[in-house]
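One-based numbering along the sequence shown.
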Amino acid sequence: MDAALDVINGKWKTLIIMVLAEESRRFGELKRLVPGISDKVLTQHLRDLEARFIVRREVLHDSRVKVKYSLTSVGTSLNDALGPLCEWGERLADTDQ
């Protein structure tokens with residue numbers, strides 16, 4: 001359990017993973033889809049998730065350099081594991097009201 005929690009520690013990592021589960025995203029798209037996160041923290045979280053093989057960083061060389069982020073197969077399996085936890089949280093929030 002500690003190993004799993006160590007990967008998703010931080011306020012934003014689970015949101016980043018859930019957004020990337022939908023499709024590959026560029027940095028600006030991630031920033032827009034995870035409101036409230038700073039550039040610095042987004043960069044730190046993406047680097048950490050990349051180092052843990054959760055996120056893939058792909059550099060595209062078109063007329064200008066573009067970077068896209070996507071989930072690896074490990075990241076996809078982590079997102080699948082987070083689904084039931086999210087559902088549990090939603091049920092808990094419903095009972096608090």
Side-chain angles (χ1 to χ4, degrees):
M1 183 62 115
D2 288 342
L5 292 176
D6 189 44
V7 172
I8 59 170
N9 71 346
K11 182 177 178 179
W12 307 104
K13 286 184 182 175
T14 54
L15 291 172
I16 293 167
I17 291 166
M18 293 174 109
V19 167
L20 288 175
E22 297 169 4
E23 64 182 272
S24 299
R25 305 283 184 172
R26 295 184 54 200
F27 186 89
E29 292 175 298
L30 284 169
K31 178 102 168 74
R32 191 173 55 257
L33 293 168
V34 183
I37 193 169
S38 68
D39 288 355
K40 178 183 174 184
V41 171
L42 179 55
T43 299
Q44 288 172 340
H45 283 341
L46 287 169
R47 285 181 182 162
D48 183 57
L49 291 168
E50 183 183 8
R52 295 172 185 270
F53 305 104
I54 304 298
V55 168
R56 177 183 310 106
R57 180 180 186 268
E58 182 181 0
V59 178
L60 308 169
H61 297 282
D62 291 336
S63 58
R64 57 186 197 139
V65 176
K66 297 177 184 176
V67 177
K68 279 200 155 191
Y69 297 91
S70 59
L71 290 184
T72 63
S73 59
V74 175
T76 299
S77 67
L78 174 57
N79 185 63
D80 293 343
L82 290 172
L85 183 61
C86 291
E87 292 169 10
W88 178 83
E90 289 170 0
R91 286 192 306 273
L92 181 66
D94 288 343
T95 60
D96 286 344
Q97 297 175 359

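Legend: side-chain hydrogen bond (donor to acceptor under 3.5 Å, both in side chains) pairs involving residues 35-46, not counting sequence neighbours: none detected.
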Run the side-chain donor-acceptor check on residues 47-55: report pairs under 3.5 Å with partners two or more places apart or on a different chain.
{"residue": "Asp48", "atom": "OD1", "partner": "Arg52", "partner atom": "NE", "Å": "3.2"}
{"residue": "Asp48", "atom": "OD2", "partner": "Lys13", "partner atom": "NZ", "Å": "2.3"}
{"residue": "Asp48", "atom": "OD2", "partner": "Arg52", "partner atom": "NE", "Å": "3.1"}
{"residue": "Arg52", "atom": "NH1", "partner": "Asp6", "partner atom": "OD2", "Å": "3.3"}
{"residue": "Arg52", "atom": "NH2", "partner": "Asp6", "partner atom": "OD2", "Å": "3.3"}

Practice task
Please lay out, stage by stage, how Arg25 and Lys68 fare under the test side-chain contact (heavy atoms from CB on, under 4.5 Å).
Solution key: CA-CA 5 Å; Arg25 305 283 184 172; Lys68 279 200 155 191; over 6 Å; no
Practice task
Could you go through the side-chain contact (heavy atoms from CB on, under 4.5 Å) check for Phe27 and Leu42 one step at a time?
Solution key: CA-CA 8 Å; Phe27 186 89; Leu42 179 55; 3.5 Å; yes
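Looking at heavy atoms from C-beta onward, Thr14 lies out of side-chain contact with Asn79 at the 4.5 angstrom threshold. The closest side-chain heavy-atom distance from Leu85 to Glu87 is not below 4.5 Å. A heavy-atom distance below 4.5 Å is found between the side chains of Ile16 and Ile37.
The heavy-atom pair separating Leu71 from Ile17 by the smallest distance is CD1-O, 3.7 Å. When every heavy atom of Thr95 is checked against every heavy atom of Leu92, the shortest pair comes out as OG1-O, 2.8 Å. Taking each heavy atom of Cys86 and Met18 in turn, the nearest pair found is SG-CE, 3.1 Å.
No side-chain N or O of Arg56 forms a donor-acceptor pair with one of Thr72 less than 3.5 Å apart.
Taken from CG in Leu78 to OG in Ser73, the straight-line distance is 11.5 Å, to the nearest 0.5 Å. Tyr69 OH to Leu20 CG: the interatomic distance, rounded to the nearest 0.5 Å, is 10.0 Å.
Val67 and Leu60 fall into different hydrophobic clusters, where Ile, Leu, Val, Met, Phe, Trp and Tyr residues are linked whenever their side-chain heavy atoms come under 4.5 Å apart, directly or through other members.
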